[in-house]
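Here the structure is laid out as structure tokens; the discussion comes afterwards.
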Protein chains: 4
Amino acid sequence: MTDRATTPGARADMIRNRRQLLAAATEAFAERGVEVSMGEIAQRAGIAKGTVFRHFPSKNHLLAAITVQLVDGLVAAADRLRTADDPVAALREFMTAGVEVLAADRAFCEVIGRPSLQHAEVRGAINRLCEAVDVLTERAKKQGTVRDDVTGTDIVLLLGGIHQTALPLLAHDPQAWRRYLALALDGLCSPAATPLPHPPPAPLPE
Amino acid sequence: MTDRATTPGARADMIRNRRQLLAAATEAFAERGVEVSMGEIAQRAGIAKGTVFRHFPSKNHLLAAITVQLVDGLVAAADRLRTADDPVAALREFMTAGVEVLAADRAFCEVIGRPSLQHAEVRGAINRLCEAVDVLTERAKKQGTVRDDVTGTDIVLLLGGIHQTALPLLAHDPQAWRRYLALALDGLCSPAATPLPHPPPAPLPE
Amino acid sequence: MTDRATTPGARADMIRNRRQLLAAATEAFAERGVEVSMGEIAQRAGIAKGTVFRHFPSKNHLLAAITVQLVDGLVAAADRLRTADDPVAALREFMTAGVEVLAADRAFCEVIGRPSLQHAEVRGAINRLCEAVDVLTERAKKQGTVRDDVTGTDIVLLLGGIHQTALPLLAHDPQAWRRYLALALDGLCSPAATPLPHPPPAPLPE
Amino acid sequence: MTDRATTPGARADMIRNRRQLLAAATEAFAERGVEVSMGEIAQRAGIAKGTVFRHFPSKNHLLAAITVQLVDGLVAAADRLRTADDPVAALREFMTAGVEVLAADRAFCEVIGRPSLQHAEVRGAINRLCEAVDVLTERAKKQGTVRDDVTGTDIVLLLGGIHQTALPLLAHDPQAWRRYLALALDGLCSPAATPLPHPPPAPLPE
DNA sequence: AATGAATGAGTATTCATTCAT
DNA sequence: GATGAATGAATACTCATTCAT
């Protein structure tokens, strides 16, 4: 009665396959980084190699799609927090979510850190993210607690840095990033700080 | 025919080969990361591929040797700074040197971040580094400016994090890490900071 | 639900599809040779891949159908010239048309030259062509100008040879085949020629 | 005593492998054209796939090497015939040798006919061939029997054309090309011929 | 009858590692 | 010891063909 007649048949299978593929690829990339082979992803998804390439014309396209998906998740989070009551808490919450995503995904960091892996789509998503985070950052700065000389892009970049700091501990202490996030937030909120010795990053990193 | 008796020269050759190999591998790994092929390293060193494998039984062994060498360079730097007049300045100097090394070396970060690439030797060197930096850190804490709840291991881990933060900017702004190092130092030196919400890292990360 | 009775239209659609398919395939094979993919042909025809396979059970069947079509075009040309006033001019005109067709069609030559690509249908069409050209040739021989020891099959084979001769020049000089056609006609019309050292080809080459 | 001490050991095996590889590749390309896979060539040569790529960095390089080898064989033949007593007989002998080579080699024709398959090396060899054949052709023209308006490049191109003419007969009548070579030579030697309607080919076909 | 998603064998190429010389 | 040739498993990607809808 729900969609008895609207189920487009083959389309349904395809959507299921695509879902499985994205899930498998997301998982595989997260666990083992960009080096997982397309063959393994296909196997994990329970579909044939050719089917993977039917959905995404190349490994980089697949990687880009997944990365964009992750980044856009963060954009949505940032947007949601835009109207929070406490701007500094909102920023903290966003950064927590951001590092959490990174901590769960090896490929993400590799893509973020290696320009050669970045499609235009990814760059676009990252730019969207920086802009969304800029809003959060400006609010937090206006409140006075967050130092004046940091930008949304700084915050986005810091996510990767905080994750990286805790990465060697990840296996034995999966929550270690919380320590370094707190440390970074303290740096971000120290109003008496010396002015930063280097200009803020350009809007388009890569 | 003539150098039957001169074979002691063989030892000298071997030492020279090893030196060239290490130099070439260091350079190659620094420039292009762990993905450089053994073939290219051999070529850069001007020796045969087989000779590379005589000196190091696998690519990972070679990578480990070079990583240890780099880490030990930092250990030496930390040791040298142990007696500096201004402990906080010494810590800052050490961290500057550390991030600078990372920024110039792609493979280093990849090894640090990937447990599967780490030999026991590397872990040992990192432990030595953490201990040496502990000394610096304790001194800086005693001076009162550096917050009490950070350890040498934290500092060592931060090096990677600071570098990672600036990594996406590396191509267009090679000195961007200075910005994030300053930010981290501000976090480290904010005395009114909230206590860190997560315990310090265990001595042997991996 | 409505067009239960209108299904005769299905037949019309199928015929239209077949026409589009043949046109697209002819064009595609002509331009890029036998290596064009079935996918591209389907796309050019504006129909689905599955439909292509409904009309032709394999790529080779499609290729054969198109080749037969081309060959039969030449058969028709030969038949038309059967009653021309000047038999030698007629033969020259036929050969001109034949080489022109080849020069415009990459796949054609590839099929002609590769027995493995030839279906019985193709062989049949070629035989029909040889017979039709035999008529032209006999008339030209009777007139006395064309040498006595060549057959229609020889003429047909020469079309491919003349085209091949000019093929390396095709990109820079698309009309170069005219030079070699003239040369061949001179050979065909040299009455004092030595008798050919090899017997004429059997009627069914492949 | 011959090269007891100079045999460089591994070098001997390598040379044997290379010989086997070239033989296998020559044979495979000759039999089945450029489409044979590197895997099959390796198998035929009795060596591993990787070894094929050690000797030739890509399939095209291998193809080029073999093609150059074949063309240079013809250059040598042309050079040898430069001083023959009867220039026309010399030209006939050269063309016989040339078509014979083509008749035995499928890939050769494909490479000759497809610019995209041609390395600079191949083009160089073909140019050398055209020049060498020019010498033969000029001599034959001076003798008066061969028509004045053909060039060495024409002759080289004709080799492919004559072969192509006989190609459909190859399986059942491997010597059929002799018939068409004779026909072409008659065209070449008809002094009363009409002037060719198209200018001679430029020196560098592709 | 048409669709187009899925399949899976096949391709060229790379590279760490082994081993005969 | 040094050499560099040989190995072969692995990778991304293509394409004719099949088949569920």
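Checked by atom type and distance alone, the side chain of B:E110 pairs as donor or acceptor with a backbone atom of B:V34 at under 3.5 Å. No donor-acceptor distance shorter than 3.5 angstrom exists from the side chain of B:T51 to the backbone of B:I47, with no hydrogens or angles considered.
Under the salt bridge (Lys or Arg N to Asp or Glu O under 4.0 Å) criterion, C:R16 pairs with C:D13, not counting sequence neighbours. Every residue two or more places apart in sequence or in another chain that forms a side chain to side chain contact (heavy atoms under 4.5 Å, CB included) with B:A42 is listed here: B:K49, B:V52. With sequence neighbours excluded, no residue satisfies salt bridge (Lys or Arg N to Asp or Glu O under 4.0 Å) with C:R54. Contacts of B:R19 classified as side-chain hydrogen bond (donor to acceptor under 3.5 Å, both in side chains), with partners at least two apart in sequence or in another chain: none. Here B:E40 pairs with B:R32, B:R44 under the salt bridge (Lys or Arg N to Asp or Glu O under 4.0 Å) rule; sequence neighbours left out. Under the rule for a side chain to side chain contact (heavy atoms under 4.5 Å, CB included), the partners of B:L102 that lie at least two apart in sequence or sit in another chain are B:F108, B:C109, B:L159, B:H163.
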Treat a base pair as Watson-Crick or G-U wobble with both distances under 3.5 Å, then lay out DNA chain E in dot-bracket form, 5' to 3', with | for cross-strand pairs. .||||||||||||||||||||
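If D:S58 and B:E35 are placed on DNA chain E by their nearest nucleotide, the residue sitting closer to the 5' end is D:S58. Residue B:G46 is the one, among C:V36 and B:G46, whose nearest nucleotide of DNA chain F lies closer to the 5' end (criterion: closest heavy atom).
The residue C:V52 sits apart from the nucleic acid: no heavy atom pair falls under 4.0 Å.
The distance from atom CZ of B:R54 to atom P of F:dG4 is 14 Å, rounded to the nearest whole Å. What separates CZ of B:R18 from P of F:dG1 is a distance of 12 Å, to the nearest Å. Between C:L62 atom CG and F:dT17 atom C1' there is a gap of 14 Å when expressed in whole angstrom units. Look at CD on A:Q20: it is 10 Å from P on E:dT7, rounded to the nearest Å. A straight line from CG of D:N17 to P of F:dG4 spans 17 Å, rounded to a whole angstrom. Put simply, CG on B:D13 is 8 Å from P on F:dT3, counting in whole angstrom units. Atom-to-atom, CE of A:M14 to P of F:dC19 comes out at 20 Å; the value is rounded to the nearest Å. Separating the CD atom of B:E40 from the P atom of E:dC15 is a distance of 9 Å, rounded to the nearest angstrom.
Side-chain atoms of C:F53 lie closest to F:dA16 of the nucleotides F:dA16, E:dA16, F:dG1. Counting only heavy atoms from C-beta on, C:M38 has its side chain closest to F:dA16 among E:dA2, F:dA16, E:dA6. Here the side chain of A:K59 is nearest to one of E:dA6, F:dA12, E:dT13, namely F:dA12.
Regarding contacts with the backbone of E:dA6, a side-chain N or O of A:H55 is found under 4.0 angstrom from either OP1 or OP2.
For the pair D:D105 and D:T26, the tightest heavy-atom approach, listed with the atom from each and the gap, is OD2-O, 4.2 Å.
Legend: ring-ring contact (aromatic ring centres under 6.0 Å, His included) pairs involving residues 41-62 of chain D, not counting sequence neighbours, sorted by first then second residue: D:H61-D:H119.
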Below 3.5 Å between N/O atoms, which protein atoms pair up with nucleotides 8-10 of chain F? Just atom names and distances, please.
none

